[in-house]
J.: 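Here it is, the structure in full.
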Protein chains: 2
Amino acid sequence: MDKTLILQDFLPYRLSVLSNRISRSIAQLYEKQFRLTMPEWRVMAILGEKSGLSAGQVADRTAMDKVAVSRAVASLMAAGRLDRKTASDDRRRSVLSLSKKGKDVYAKVVPLACDYEARLIERLSPLDRRNLDVVLSKLTEIQIKTAVPGETTR
Amino acid sequence: MDKTLILQDFLPYRLSVLSNRISRSIAQLYEKQFRLTMPEWRVMAILGEKSGLSAGQVADRTAMDKVAVSRAVASLMAAGRLDRKTASDDRRRSVLSLSKKGKDVYAKVVPLACDYEARLIERLSPLDRRNLDVVLSKLTEIQIKTAVPGETTR
DNA sequence: TTAATTTAGTTTCATATGTAACTTATTGCA
DNA sequence: TGCAATAAGTTACATATGAAACTAAATTAA
């Protein structure tokens, strides 16, 4: 046998395991209690940050694909958590924002999410946190440039 | 509105986006060319590292759930890429290893994966690499307790 | 022993997700 | 203008995934 891959040391694998575990933990904070799926929460989070985006803009900013956004928007609309208007200058485009009900949910979920993140990083030293931030940014930057042609850059 | 969450700065979100992008890029290296799904590749990778594991041991080591392992093993068997025996001391347990054909595939995929990782981290300074390694290890060790309201601990 | 319990692994079923095809609106350009 | 090409979003279809039920084997306890 020529070469062996040590999965436990393989960066993409380590990242994937860590990220999936964290995502699942956070999802637990809102899925049951607020009947929110992860894509729904992402859409709400981005609209809570900046209102009036179109579905496409939401997709760009959340790294979701447009079908996922479309579905999340549909279910959020059905739950009365979003307002949707048609853009006056382009009738294909929607203009999305959190409804009153949506804002109430948002205001309840944000502290849970922030609290989780705080408890995650409080065990890292300030230097570790800084290093994490720097390295994540660099990798994200690299990753974008490394994107294979034919892959959806989203 | 009291509090706003900046998604772009939120650690779990950043990790998730980065990890998904990397995973998809790597999957592209083997999915089409070798007709391998990601769970199948994980099973092969762990068996290439250590032969003779049971399905349960594969699940533990790869952070996959047992259903995913069962399905990946079934399809790898169908493709003739695994050998499966029954453990002599416990006839419920299987003893899995890469077949000749499986080893051939493994030997071809490993360099592609290693090469991808190398290209990813070659753009980080040695210090950044070290920092990444340290911080990933620390984060992976941290286990956050998420008390879900209305649920009792078993 | 043998009946109850636990464990390894598989199957079933309901849901989630991605790709491609589609619909409608806009734009580019002859 | 008017017609082809493009863009925003949705729908359809096929596949992936996870939870729970299930099967068979091993273990425990009576």
Side-chain angles (χ1 to χ4, degrees), chain A residues 16-17 19-21 23-25 27-28 30-32 35-43 46-47 52-78 82 84-96 148 150-154, chain B residues 16-17 19-21 23-25 27-28 30-32 35-43 46-47 52-78 82-96 148 151 154:
Chain A
S16 170
V17 169
S19 164
N20 288 339
R21 199 151 92 214
S23 290
R24 248 179 285 148
S25 296
Q28 284 209 322
Y30 54 70
E31 275 184 344
K32 266 232 159 87
R35 307 246 113 215
L36 265 181
T37 65
M38 196 184 312
E40 283 167 13
W41 169 241
R42 283 216 173 152
V43 169
I46 208 72
L47 290 174
L53 298 174
S54 69
Q57 290 171 319
V58 170
D60 290 342
R61 290 180 184 233
T62 56
M64 294 167 71
D65 89 33
K66 63 176 185 171
V67 177
V69 171
S70 173
R71 286 195 266 242
V73 166
S75 54
L76 288 169
M77 286 295 297
L82 288 191
R84 173 165 50 185
K85 293 191 289 186
T86 296
S88 54
D89 61 325
D90 183 343
R91 285 159 46 230
R92 290 169 307 181
R93 227 164 352 105
S94 51
V95 175
L96 301 166
V148 182
E151 175 174 289
T152 330
T153 311
R154 185 120 301 165
Chain B
S16 168
V17 169
S19 164
N20 288 340
R21 280 187 177 156
S23 290
R24 248 186 280 162
S25 295
Q28 284 211 323
Y30 55 70
E31 275 183 342
K32 251 203 151 183
R35 308 248 111 214
L36 264 181
T37 65
M38 198 183 312
E40 282 167 13
W41 169 241
R42 282 215 175 151
V43 169
I46 208 73
L47 290 174
L53 299 174
S54 69
Q57 290 172 320
V58 170
D60 289 343
R61 291 179 182 233
T62 56
M64 294 167 71
D65 87 36
K66 64 175 184 170
V67 177
V69 172
S70 172
R71 286 196 264 244
V73 167
S75 54
L76 288 170
M77 286 296 296
L82 289 192
D83 290 331
R84 173 165 48 186
K85 294 190 288 188
T86 296
S88 55
D89 59 327
D90 182 343
R91 283 159 48 230
R92 292 169 305 181
R93 220 154 12 93
S94 51
V95 176
L96 301 166
V148 178
E151 259 182 38
R154 237 175 306 174

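All values derive from a computational prediction rather than experimental measurement.
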J.: Output yes when a side-chain donor or acceptor of S70(A) lies under 3.5 Å from a complementary backbone atom of K66(A), and no otherwise.
T.: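 Between the backbone of K66(A) and the side chain of S70(A) there is no qualifying donor-acceptor contact (under 3.5 Å).
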J.: Whole angstrom is fine here: how far is it from CD in Q28(A) over to P in dA19(D)?
T.: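 Between P of dA19(D) and CD of Q28(A): 10 Å.
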J.: For dT26(C), does OP1 or OP2 lie under 4.0 Å from any side-chain N or O of R91(A)?
T.: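 For dT26(C), OP1 or OP2 has a side-chain N or O of R91(A) closer than 4.0 Å.
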J.: Return the value, rounded to whole Å, for the distance between atom CD of E40(A) and atom C1' of dT17(C).
T.: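 Taking CD of E40(A) and C1' of dT17(C), I get 14 Å after rounding.
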J.: Would you mind reading off the distance between D89(A) atom CG and dT27(C) atom P, rounded to a whole angstrom?
T.: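 One finds 8 Å between P of dT27(C) and CG of D89(A), rounded.
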J.: Of all the heavy-atom pairs spanning S23(A) and S16(B), show the shortest one and how long it is.
T.: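 It is OG-CB, 4.0 Å.
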J.: Tell me the interatomic distance from W41(A), atom CH2, to dA16(C), atom P, rounded to whole angstroms.
T.: 19 Å
J.: Rounding to a whole Å, what distance do you find between M64(A):CE and dG9(D):P?
T.: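 In whole Å, dG9(D) P lies 13 Å from M64(A) CE.
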J.: Give the rounded distance in Å between these two atoms: CE of M38(B) and P of dT17(D).
T.: 8 Å
J.: May I ask you to decide if A72(B)'s main-chain N or O and S75(B)'s side chain share a donor-acceptor pair within less than 3.5 Å?
T.: yes
J.: Before giving the answer on side-chain hydrogen bond (donor to acceptor under 3.5 Å, both in side chains), spell out for T37(B) and R71(B) the whole-Å C-alpha distance, their side-chain angles and the decisive distance to 0.1 Å.
T.: CA-CA 11 Å; T37(B) 65; R71(B) 286 196 264 244; over 6 Å; no
J.: Encode nucleotides 6-11 of chain C as B, S and - characters from 5' to 3', where the letter depends on protein heavy atoms closer than 4.0 Å: B to the base, S only to sugar-phosphate, - to neither.
T.: -BSBBB
J.: Working to the nearest 0.5 Å, report the span between CZ of R61(A) and CZ of R42(A).
T.: 15.0 Å
J.: Could you go step by step and tell me if I46(A) and Q57(A) meet the side-chain contact (heavy atoms from CB on, under 4.5 Å) rule?
T.: CA-CA 10 Å; I46(A) 208 72; Q57(A) 290 171 319; over 6 Å; no
J.: Of the nucleotides dT17(D), dA16(C), dG18(C), which one has an atom closest to the side chain of T37(A)?
T.: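 Of all the options, the side chain of T37(A) is nearest to dA16(C).
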